[in-house]
Amino acid sequence: MTGLDLAMAQKVLDSQPFSGLVGARITAFGGGGATLEIDSREELHQQNGFLHGGVLAYAADNALTFAAGTTLGPAVLTGGFSIQYLRPAVGTGLVARAEVVHTGRRQAVARCDLFVVGEDGAETLCAVAQGTVLSATSP
């Protein structure tokens, strides 16, 4: 139990200037999971018209960390993560769904599936990520 809820998670996200820059919002939070969403717009694209890989990596990083925060508590930091891009992210938006795979006393391991949202609302898997999140509180 972390005492956090979706409204508080959104406040934390809103306090990150970069999250505001990309227009991120948290749409699910709790029980070892978190979902982050970003609407696609030209400023977030790379030269071929796809969502930039850095936007996907940002979404994975934050979704992983928020998911782990539901089990470790609010004071967490990313220890590291890897991401594999499966296909170009072309669509109206991005959905990053993360869930905790394992939580220990001081760290959690989480995975994140990233989906691009098509014009018809259908989601297509475009990347997967896994990471370690560390508790930032003293033992």
Side-chain angles (χ1 to χ4, degrees):
M1 296 286 276
T2 63
L4 297 175
D5 61 11
L6 180 61
M8 181 58 72
Q10 185 63 52
K11 285 182 184 177
V12 170
L13 187 69
D14 289 343
S15 73
Q16 300 173 0
F18 190 77
S19 294
L21 183 67
V22 298
R25 60 194 177 280
I26 198 158
T27 58
F29 177 83
T35 301
L36 192 88
E37 297 185 18
I38 299 171
D39 294 332
S40 181
R41 62 182 199 274
E42 189 174 336
E43 296 85 4
L44 302 179
H45 293 178
Q46 46 87 291
Q47 71 278 7
N48 296 312
F50 313 140
L51 275 172
H52 193 284
V55 174
L56 275 69
Y58 154 81
D61 179 16
N62 254 358
L64 290 164
T65 304
F66 272 97
T70 71
T71 63
L72 290 173
V76 292
L77 298 168
T78 303
F81 75 98
S82 64
I83 186 167
Q84 286 72 45
Y85 301 101
L86 306 175
R87 65 181 41 89
V90 179
T92 63
L94 181 70
V95 177
R97 285 195 191 93
E99 73 177 48
V100 172
V101 175
H102 173 78
T103 299
R105 287 185 312 114
R106 305 273 306 141
Q107 69 179 17
V109 174
R111 72 165 281 142
C112 180
D113 292 330
L114 293 104
F115 301 89
V116 65
V117 180
E119 294 286 338
D120 61 357
E123 296 179 356
T124 302
L125 187 67
C126 62
V128 294
Q130 179 173 303
T132 303
V133 178
L134 309 172
S135 173
T137 60
S138 304

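Because the structure is predicted, anything quoted here is derived from the model rather than measured.
- Linking ILVMFWY residues whenever their side-chain heavy atoms come closer than 4.5 Å, directly or via other members, places L21 and I38 in the same cluster.
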Check against side chain to side chain contact (heavy atoms under 4.5 Å, CB included), Q16 and N62: CA-CA 10 Å; Q16 300 173 0; N62 254 358; 2.9 Å; yes

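- Here the side chains of L4 and T70 are not in contact, with every heavy-atom distance at 4.5 Å or above.
- Remark: R41 pairs with E43 by the side-chain hydrogen bond (donor to acceptor under 3.5 Å, both in side chains) rule, at least two apart or across chains.
- The backbone N or O of T27 sits nowhere less than 3.5 Å from a side-chain atom of T35 that would complete a donor-acceptor pair.
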Review item, side-chain donor-acceptor pairs of residues 6-14, under 3.5 Å, at least two apart:
| unit_1 | atom_1 | unit_2 | atom_2 | d |
| --- | --- | --- | --- | --- |
| Q10 | OE1 | I26 | N | 2.8 |
| Q10 | NE2 | D14 | OD1 | 2.7 |

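- Here the OG1-NE2 distance, from T132 to H102, works out to 10.5 Å after rounding to the nearest 0.5 Å.
- Taking the side chain as every heavy atom from C-beta outward, C126 and L94 approach each other to under 4.5 Å.
- Across all their heavy atoms, L72 and S135 have their closest contact at CD1-N, 4.1 Å.
- Pairs of residues two or more places apart, or lying in two chains, that qualify as side chain to side chain donor-acceptor pair (under 3.5 Å) and include a residue from residues 112-125 are R97-E123, R111-D113.
- The two residues G32 and T71 come nearest to each other via the heavy atoms CA-CG2, 4.0 Å.
- Each of V55, V95, I83 was checked for a side chain to side chain contact (heavy atoms under 4.5 Å, CB included) with L114, and the lone residue meeting it is I83.
- In terms of heavy-atom proximity, A68 sits nearest to A108 at CB-CB, 3.9 Å.
- When all heavy atoms of L36 and A63 are compared, the pair lying nearest together is CB-CB, 4.4 Å.
- Closest of all the heavy-atom pairs between A127 and L56 is CB-CD2, 4.0 Å.
- Nearest approach of T137 to R106, heavy atoms of both residues: O-NH1, 2.6 Å.
- In this structure, T78 and L64 have side chains that are not in contact, with every pair of non-hydrogen atoms separated by 4.5 Å or more.
- Under the rule for a ring pair (Phe, Tyr, Trp, His ring centres under 6.0 Å), F81 has no partner lying at least two apart in sequence or in another chain.
- Counting heavy atoms from C-beta outward, Q130 and V101 have side chains that stay 4.5 Å or more apart.
- Residue pairs satisfying the side chain to side chain donor-acceptor pair (under 3.5 Å) criterion with at least one member in residues 82-91, sequence neighbours excluded, are absent.
- Applying the ring-ring contact (aromatic ring centres under 6.0 Å, His included) definition to pairs two or more places apart or across chains, those involving residues 34-75 are F18-Y58.
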